[in-house]
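This report refers to the structure that appears directly beneath it.
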Number of protein chains: 2
Amino acid sequence: MPKRVDHEARCAEIAEALLRVVDRQGLEGVSLRSVAAEAGVSMGRVQHYFATKDQMMTHALIYVHRRIYRRVAACLDPRSPRALVRSAIIEMLPLDDERRSEARIAFAFLARSGVDPVFAATLREGYPYHMVFFAQQIRLAQAAGEAHPGLDPEQEAVLLFALTQGLVNPTLIGFHTEETVTQAVDLHLDRIFTAVGPEASTGG
Amino acid sequence: MPKRVDHEARCAEIAEALLRVVDRQGLEGVSLRSVAAEAGVSMGRVQHYFATKDQMMTHALIYVHRRIYRRVAACLDPRSPRALVRSAIIEMLPLDDERRSEARIAFAFLARSGVDPVFAATLREGYPYHMVFFAQQIRLAQAAGEAHPGLDPEQEAVLLFALTQGLVNPTLIGFHTEETVTQAVDLHLDRIFTAVGPEASTGG
DNA sequence: TGTTTTGCAATGCGATCGCATTGTCAAATG
DNA sequence: CATTTGACAATGCGATCGCATTGCAAAACA
């Protein structure tokens with residue numbers, strides 16, 4: 001085997017450049033040339049790692065999902081199930097430049113999933129993860145007496161995740177402020193969790 | 001003034017063709033040529049009515065919003081505030097081909113609003129309408145003793161609309177079934193409205 | 001040392017893009 | 001009847017697109 005480079009790292013560089021392009025110009029701004037220029041590499045290099053534009057886009061979609069997942073996972077507040085769920089939700093909302101950027105990117109791919117079966121499949125596979133996470137936390141809270149016992153954790157997870165996703169765009173385009181949107185989240189969490197630790201109201 | 005045609009109707013024809021293109025191929029599929037071909041007219045005609053592509057897109061955005069608004073308004077169930085709100089929500093979810101089509105279209109523009117200030121402004125202007133509609137219905141229900149009196153109608157409207165929007169994509173890509181999603185909606189409505197008429201459970 | 005294979009860079013092709021220009025035809029106006 | 005003006009159709013231009021092709025340098029292997 002001849003000259004060896006870190007294949008995965010090179011793919012990641014290209015993916016990150018692509019995401020920066022999407023952040024600024026949407027999916028329409030993505031071309032082999034624009035991504036190569038953004039990454040500061042030649043177009044040939046991009047083609048070397050991704051045979052087609054579609055492959056490049058799909059890889060970037062998976063890549064950004066992992067990136068969001070890691071960022072959310074790193075910010076989880078373990079003090080209680082409620083705090084855990086709340087920190088995850090807040091972290092998914094576009095409340096600073098980094099999260100706004102990722103919200104723009106995620107939305108671009110989300111829209112594409114409506115017309116692209118491959119993207120739709122990728123997203124469909126990602127949904128259950130969020131659902132079981134929320135459901136599990138609600139279940140834990142119920143067991144600890146910190147959530148209303150009559151609730152169906154799966155149903156509540158569906159509501160919770162939908163609520164979170166539905167708050168993203170209004171926040172992104174400036175309809176909601178951080179205060180407005182966190183109030184909305186806390187209001188809904190009050191209907192699931194009984195014990196409101198002070199950390200859940202002040203954190204965030 | 002020479003040969004006169006129905007200017008608005010011609011613009012609408014082009015807008016509808018554009019929306020069909022977006023439905024199938026997303027915003028990226030939109031070009032002067034593709035829209036003209038879809039409308040069955042010449043490219044010159046499209047240019048005659050819209051000086052630039054951006055003008056054409058903006059007009060289509062406003063056009064589809066009006067179309068959705070009219071469709072929802074035509075389906076409202078006036079039997080009670082709850083039924084009214086529920087019918088509006090259900091009508092906004094992609095549960096048949098027509099609504100799936102409009103959901104795809106709306107999502108495409110929604111994503112674009114993240115990078116296009118003009119689109120963002122258009123959407124921002126539309127949000128308050130939904131909010132006051134939901135808030136007003138909740139207020140009416142409270143006055144009639146059909147909703148929990150302690151709730152803040154504005155806050156509940158924010159939650160309700162976010163929930164609705166957040167359910168769109170999972171339903172669109174097939175993660176939710178009609179049964180799943182209507183259960184989620186009804187579950188949330190149960191927390192706002194006290195009186196559950198039989199029409200609210202069977203309708204929709 | 002020569003061969004092979006990876007990792008690119010460079011270039012070109014046909015298609016398509018937004019947009020400008022020009023020409024034509026019909027109807028209202030003088 | 002002549003002129004004007006709105007409603008197009010047709011064409012072309014420069015830029016950009018995805019993708020294929022070609023070539024070459026360097027490193028592992030024989």
Side-chain angles (χ1 to χ4, degrees), chain A residues 1-61 108-109 111-112 115-119, chain B residues 1-61 108-109 111-112 115-119:
Chain A
M1 292 180 186
K3 190 164 70 168
R4 286 165 62 248
V5 298
D6 188 336
H7 199 85
E8 201 172 338
R10 291 286 162 88
C11 287
E13 282 175 18
I14 295 170
E16 278 169 13
L18 188 151
L19 297 180
R20 287 195 297 273
V21 173
V22 173
D23 180 31
R24 289 198 310 267
Q25 305 174 273
L27 286 193
E28 311 157 16
V30 174
S31 72
L32 298 180
R33 285 164 179 85
S34 67
V35 170
E38 175 69 30
V41 302
S42 75
M43 197 179 131
R45 178 130 131 199
V46 175
Q47 283 187 286
H48 176 69
Y49 287 100
F50 302 103
T52 68
K53 186 186 178 182
D54 274 352
Q55 286 181 24
M56 181 176 69
M57 301 270 278
T58 302
H59 179 266
L61 169 63
F109 284 109
R112 175 93 162 208
V115 292
D116 187 325
V118 177
F119 284 28
Chain B
M1 289 179 187
K3 188 162 76 169
R4 287 164 62 249
V5 298
D6 188 336
H7 199 83
E8 203 171 337
R10 290 287 162 87
C11 287
E13 282 175 19
I14 295 171
E16 276 168 15
L18 188 151
L19 296 180
R20 287 195 297 273
V21 172
V22 174
D23 181 31
R24 290 198 310 267
Q25 305 173 279
L27 286 193
E28 311 158 15
V30 174
S31 72
L32 298 180
R33 286 165 178 85
S34 67
V35 171
E38 175 69 31
V41 303
S42 76
M43 195 179 134
R45 176 130 134 197
V46 175
Q47 284 188 285
H48 177 69
Y49 287 100
F50 301 103
T52 68
K53 186 187 178 182
D54 274 352
Q55 285 181 26
M56 180 177 68
M57 301 270 277
T58 302
H59 179 266
L61 169 63
F109 284 109
R112 175 93 163 207
V115 291
D116 188 325
V118 176
F119 284 27

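This structure is a prediction, so every number in the text was calculated from the model and none was measured. Each chain gets a letter, A, B and so on, in the order its sequence line appears, and its residues count up from 1.
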Is there side-chain contact between R20(A) and E16(A), with heavy atoms separated by less than 4.5 Å? yes
Could you check whether V30(B) gets within reach of a base, just the sugar-phosphate, or nothing at all, counting any heavy atom under 4.0 Å? sugar-phosphate
Can you pull out the residues from residues 52-59 of chain B that lie within a 4.0 Å heavy-atom distance of DNA chain C? T52(B), K53(B)
Nearest-Å distance, CZ (F50(A)) to P (dG18(D))? 14 Å
Tell me, with the steps shown, if L32(B) and M56(B) meet side chain to side chain contact (heavy atoms under 4.5 Å, CB included). CA-CA 9 Å; L32(B) 298 180; M56(B) 180 177 68; 3.9 Å; yes
To the nearest angstrom, how far is H48(B) atom NE2 from dC8(D) atom C1'? 7 Å
Of the listed nucleotides dC8(C), dC17(C), dC8(D), the one nearest the side chain of V5(A): dC8(C)
Closest-nucleotide ordering on DNA chain D, the 5'-leading residue of R33(A) and R33(B): R33(B)
Quick check for you: to the nearest 0.5 Å, what is the distance between E13(B) atom CD and R45(B) atom CZ? 6.0 Å
Rounded to whole Å, please give me the gap between CD in Q25(B) and P in dT16(C). 12 Å
Distance, nearest 0.5 Å, that separates CG of L19(A) from CD1 of I14(A): 12.0 Å
Closest to the S31(B) side chain, choosing from dA10(D), dG18(C), dC19(D): dG18(C)
So which one's nearest nucleotide on DNA chain C is more toward 5', A51(B) or V46(A)? V46(A)
CZ-CG distance between F119(B) and L27(B), expressed to the nearest 0.5 angstrom: 6.5 Å
Which whole-number value in Å describes the distance from L32(A) CG to dT16(D) C1'? 12 Å
R45(A) CZ to dT6(C) P, in whole Å, measures 17 Å
Grab the CE-C1' distance between M43(A) and dC19(D) for me, whole Å please. 7 Å
Which is it for H59(B) and L18(B) under the side chain to side chain contact (heavy atoms under 4.5 Å, CB included) test, yes or no, and what are the steps along the way? CA-CA 10 Å; H59(B) 179 266; L18(B) 188 151; over 6 Å; no
Applying ring pair (Phe, Tyr, Trp, His ring centres under 6.0 Å) as the test, list every pair that has at least one member in residues 9-49 of chain A; sequence neighbours left out. H7(A)-Y49(A)
Rounded to the Å, how far apart are Q47(A) CD and dT11(C) P? 14 Å
Return the value, rounded to whole Å, for the distance between atom CG of L27(A) and atom C1' of dC17(D). 16 Å
